[in-house]
Amino acid sequence: MKDDTPLWAPDTPGAWDADAGGALIRDLWTLRAAMIEREAQLEPQLREVDPAHRPSAVNLVHYLAMRQIDLRQLQDRLAWVGVSSLGRAETHVLANVDKVLGILHRIAGRAWSPLSRDEPAGFMRGTTLLQHNAQALFGPMPDKRRVRMMVTLPSEAASDEGLVASLVANGMDVARINCAHDGPQQWAAMAASVRRAAARAQRSVRVLMDVAGPKLRTGPIDGGAQVVKIKPQRDVFGHTVAASRFGLRAMASTLPVPGAAVALGVDAAWLANVRLHDRIDLADARGARRRLVVVECTDQGLLVECERTLYLTPDCTLRLHRASATVRETGLGQIPEVPGHLHLSRGDRLDLVPQGLGHGALPGGRGRKPRNATLSCTLPEVLPQIRTGQRIWFDDGHIGGVVRRCSAGKVQVEITDARDGGDKLAADKGINLPDTALDLPALTTQDLQDLATVAQHADIVGLSFAQSAADVQALRQRLVELGAPHLGLILKVETRRGFEHLPEMLLAAMAGSAAGVMIARGDLAVECGYERMAEVQEEILWACEAAHMPVVWATQVLETLAKTGRPSRAEITDAAMGGRAECVMLNKGPHILDAMRTLDDILQRMQSHQSKKRPLLRALKAWNLGAADPAVQAGRRRRPMPRKAATKAR
């Protein structure tokens with residue numbers, strides 16, 4: 001049976017209990033003293049903070065000191081008395097404690113003198129500081145919503161001015177450029193395009209560039225083949241509805257062939273002989289004979305059709321059916337390679353090695369030992385840091401295992417988490433080691449080079465895989481060397497170590513003029529465990545609010561909508577939760593404009609109901625229990641009196 005007895009209840013709840021009240025006052029004074037003591041202990045770190053951020057840094061220290069204590073019983077006792085239970089104290093911790101102490105002293109008839117000299121931020125100032133810091137980092141607040149919208153730019157944004165203009169027109173406040181993809185020329189072109197579009201729209205749009213950081217990924221895997229399957233569209237009875245189409249272009253060309261999803265290379269001299277409606281014969285990779293028909297000729301190449309399925313490889317030969325052609329045969333090129341993969345099931349063994357092509361397991365046989373599947377990784381220097389018994393996750397947590405053996409040349413992993421029937425693991429997929437204290441700098445050699453471009457074109461730099469105060473200081477130092485100390489900084493929290501070291505990273509970030517935190521929930525969920533993700537993101541939100549530091553709510557926000565055009569119910573709720581941050585990030589996708597419009601609508605609706613973690617009690621217009629329906633009343637007033645009733649009334 002559930003026990004509804006409160007954690008604390010005086011014998012006479014209707015009256016002030018002097019003993020209980022005195023105990024409350026003593027406990028609050030003890031709590032206050034702990035905050036002041038922690039501030040004194042951390043004075044060396046606080047001196048490194050920019051003077052403008054000193055109140056925020058001190059408030060963060062007070063908040064962390066308060067949260068070292070389990071306050072739940074104290075909160076119940078305060079609520080029983082009818083005063084603040086400190087549940088909304090993040091932006092003004094000491095001021096909130098002092099306010100409660102003052103009220104309790106008045107109730108108890110004790111003398112009270114204001115202690116505002118110790119308080120770094122009050123109720124109003126704390127909120128103002130957070131808003132000011134968000135504006136310094138992200139730019140002015142949009143007209144109709146408090147929360148900014150960040151959008152990751154696709155590669156096409158480097159050359160498609162119309163795409164960038166549409167993103168700006170639909171409310172993009174921050175354009176994110178992921179420096180793990182493309183290159184300096186493309187990044188510079190994207191940034192320039194954003195600035196032109198923002199100027200035309202007369203809007204402020206900041207440019208964020210994320211340096212890639214030491215992302216641990218799976219290496220190349222053997223077994224890939226150059227083959228492309230092209231098939232016609234068929235109805236439910238197997239009848240061809242639309243022939244398969246693909247393009248043929250000169251071997252050296254990279255231009256797309258209009259109307260073709262796939263374009264393959266052929267000999268340029270052979271291509272010059274082909275005419276509209278020509279027929280081309282070939283035997284595909286299976287030896288199946290097929291005939292192609294040329295349906296369109298353009299400067300970029302040919303568009304051809306086939307009524308049946310083809311498997312094309314570089315060994316295939318195309319023969320022009322027209323005998324008068326000067327060059328009748330050609331080979332095929334530019335055929336994409338099908339990536340190799342490993343098929344891993346629970347109980348399988350996988351050897352993680354420093355370098356080489358990964359390959360699948362081989363069973364044992366007569367005179368032959370069985371061979372484990374083998375996989376290399378992009379950062380082989382991490383392998384000596386891994387220990388037996390530690391967990392390892394692949395591909396954003398889709399496949400998991402436990403390290404069973406470590407040696408100088410490899411790490412042996414037993415697969416413990418996979419779907420029934422196994423999972424495929426491809427190259428260039430993320431590897432997470434949540435139990436391993438990796439000794440890796442947040443800035444790689446490539447990052448240090450890329451920062452030269454970032455310093456020239458960005459307003460904000462994102463520090464990927466930030467894990468310590470030293471990482472933040474190293475980035476700040478590099479920006480100073482590049483003459484760009486003014487750039488805003490976003491700490492991307494995506495590892496368990498980064499989460500555990502968040503407070504000292506926040507203090508280090510406050511040495512600069514503008515900083516914020518991105519909750520990178522994809523890697524963070526794998527590192528901390530999905531079941532703990534909700535708790536972790538709440539704690540990050542609280543700590544950042546105490547530091548008056550803006551937060552970016554990131555990873556998979558409205559992802560299904562952006563990719564497919566239709567959202568899931570769960571991601572709509574998740575997007576609404578993003579209203580507790582100062583910025584929400586959307587990733588790229590073919591339906592990104594739909595996702596932006598939906599997010600804008602959600603954020604506008606929710607901002608009248610929620611501010612950070614505080615509910616706002618806006619009037620609920622949907623319910624009016626006990627009152628007559630206004631629409632019915634209005635209808636009754638407008639309804640004309642029947643003719644017979646009107647005559648009787650006269």
Side-chain angles (χ1 to χ4, degrees), residues 53 56 59 87-92 121-152 167-176 198 201-208 459-460 488 490-491 506 514-519 521 537-538 540-555 557-558 561 571-587 592-593 595-621:
H53 294 310
S56 302
N59 189 71
R88 279 290 306 144
E90 284 83 4
T91 60
H92 55 292
F123 179 81
M124 297 301 296
R125 190 185 183 202
T127 303
T128 302
L129 284 171
L130 178 55
Q131 293 172 352
H132 174 271
N133 292 339
Q135 181 162 324
L137 186 65
F138 299 127
M141 188 182 296
D143 290 338
K144 295 183 179 179
R145 52 180 158 79
R146 290 193 304 265
V147 179
R148 280 80 168 174
M149 194 186 306
M150 178 186 294
V151 181
T152 301
L167 295 175
V168 172
N170 279 274
M172 178 175 69
D173 302 297
V174 182
R176 174 177 174 259
Q202 297 183 331
R203 292 188 59 234
S204 170
V205 181
R206 297 284 170 93
V207 174
L208 162 68
D459 303 300
I460 312 167
I490 287 184
L491 310 177
L506 293 178
V517 168
M518 177 183 288
I519 310 178
R521 299 179 298 160
Q537 66 191 21
E538 289 297 304
I540 295 175
L541 284 168
W542 296 339
C544 290
E545 188 176 2
H548 307 138
M549 190 167 286
V551 174
V552 182
W553 186 263
T555 312
V557 179
L558 296 179
L561 174 56
E571 68 184 15
I572 293 293
T573 303
D574 177 66
M577 288 285 290
R580 301 168 65 188
E582 282 65 47
C583 184
V584 177
M585 189 187 91
L586 294 173
N587 221 327
I592 184 59
L593 297 182
M596 293 177 69
R597 287 188 282 265
T598 300
L599 179 61
D600 181 73
D601 182 66
I602 291 171
L603 293 175
Q604 288 192 46
R605 290 176 183 274
M606 290 305 298
Q607 68 187 8
S608 61
H609 294 287
Q610 189 87 19
S611 175
K612 301 301 282 183
K613 71 170 185 176
R614 181 182 66 196
L616 303 176
L617 304 183
R618 191 206 77 181
L620 296 179
K621 300 176 182 179

- Can you see which heavy atom on V151 is nearest to which on L167, and at what distance? CG1-CD2, 4.3 Å
- Any idea which heavy atoms bring G139 and S204 closest together, and the distance? CA-OG, 4.3 Å
- Message: So, taking the atom named CE in M606 and the one named OG1 in T573, what distance separates them when rounded to the nearest 0.5 Å?
- Response: 9.0 Å
- Message: Whether the side chain of Q135 engages the backbone of L130 through a donor-acceptor N/O pair (distance < 3.5 Å, no angle test) should be reported.
- Response: no
- Message: By the definition side-chain contact (heavy atoms from CB on, under 4.5 Å), identify the one residue from L603, V147, D173 that meets it with P142.
- Response: D173
Would you give me the side-chain donor-acceptor pairs under 3.5 Å for residues 121-129, sequence neighbours excluded?
from, atom 1, to, atom 2, distance (Å)
R125, NH1, P120, O, 2.9
T127, OG1, F123, O, 3.3
T128, OG1, M124, O, 2.9

- Item | Where A546 and N59 come nearest, the two heavy atoms and their spacing | O-ND2, 2.8 Å
- Item | Check against side-chain contact (heavy atoms from CB on, under 4.5 Å), M577 and W553 | CA-CA 9 Å; M577 288 285 290; W553 186 263; 3.8 Å; yes
- Can you tell me if E545 uses its side chain to pair, donor with acceptor, with the backbone of T91 under 3.5 Å? no
- Item | T555 to I519 - nearest heavy-atom pair and separation | OG1-O, 4.3 Å
- Query: Within a strict 4.5 Å, meaning less than it, do heavy atoms of the I490 and V517 side chains meet?
  - Reply: no
- Item | Positive for side-chain contact (heavy atoms from CB on, under 4.5 Å) with M150, one of V584, L208, V557 | L208
- Can you name the closest pair of heavy atoms from M149 and G171 and give their distance? CB-O, 3.8 Å
- Item | From NE2 (H548) to NE2 (H92), nearest 0.5 Å | 9.0 Å
- Message: I'd like to know if R597 and D601 make a salt bridge, using a cut-off of under 4.0 Å between side-chain N and carboxylate O.
- Response: no
- Message: If I take atom OG1 from residue T598 and atom CD from residue E571, how far apart are they, to the nearest 0.5 angstrom?
- Response: 9.5 Å
- Message: If you apply the rule salt bridge (charged side-chain N to carboxylate O under 4.0 Å, His left out), what do you find for R521 with D574, and how did you get there?
- Response: CA-CA 12 Å; R521 299 179 298 160; D574 177 66; 2.7 Å; yes
- For the pair M141 and E582, evaluate side-chain contact (heavy atoms from CB on, under 4.5 Å) and give the outcome as yes or no after the intermediate values. CA-CA 10 Å; M141 188 182 296; E582 282 65 47; over 6 Å; no
- Is any side-chain heavy atom of L558 less than 4.5 Å from a side-chain heavy atom of I572? yes
- Query: Within the distance-only criterion (no hydrogens, no angle test), does the side chain of K613 pair as donor or acceptor with the backbone N or O of L541 below 3.5 angstrom?
  - Reply: no
- Item | Test item: E538 side-chain N/O and I540 main-chain N/O as donor-acceptor pair under 3.5 Å | no
- Message: Donor-acceptor check, side chain of R148 to backbone of V174, threshold 3.5 angstrom: yes or no?
- Response: no
- Minimal heavy-atom distance between S611 and R88, with the atoms involved, is O-NH2, 4.4 Å
- Task: Could you tell me whether a side-chain N or O of N170 sits under 3.5 Å from a main-chain N or O of L593, the two making a donor and an acceptor?
- Result: no
- Using a 4.5 Å cut-off on heavy atoms from C-beta on, say whether the side chain of T152 contacts that of L586. no
- So, R580 side chain and Q610 main chain: donor-acceptor pair closer than 3.5 Å or not? no
- Message: Using only atom types and a distance under 3.5 Å, with no angle test, would you say the side chain of R203 pairs donor to acceptor with the backbone of V168?
- Response: yes
- Please check if the side chain of N133 supplies one atom and the backbone of P550 the other of a donor-acceptor pair under 3.5 Å. no
- If only atom types and distance count, is the side chain of S608 paired as donor or acceptor with the main-chain N or O of R605 below 3.5 Å? yes
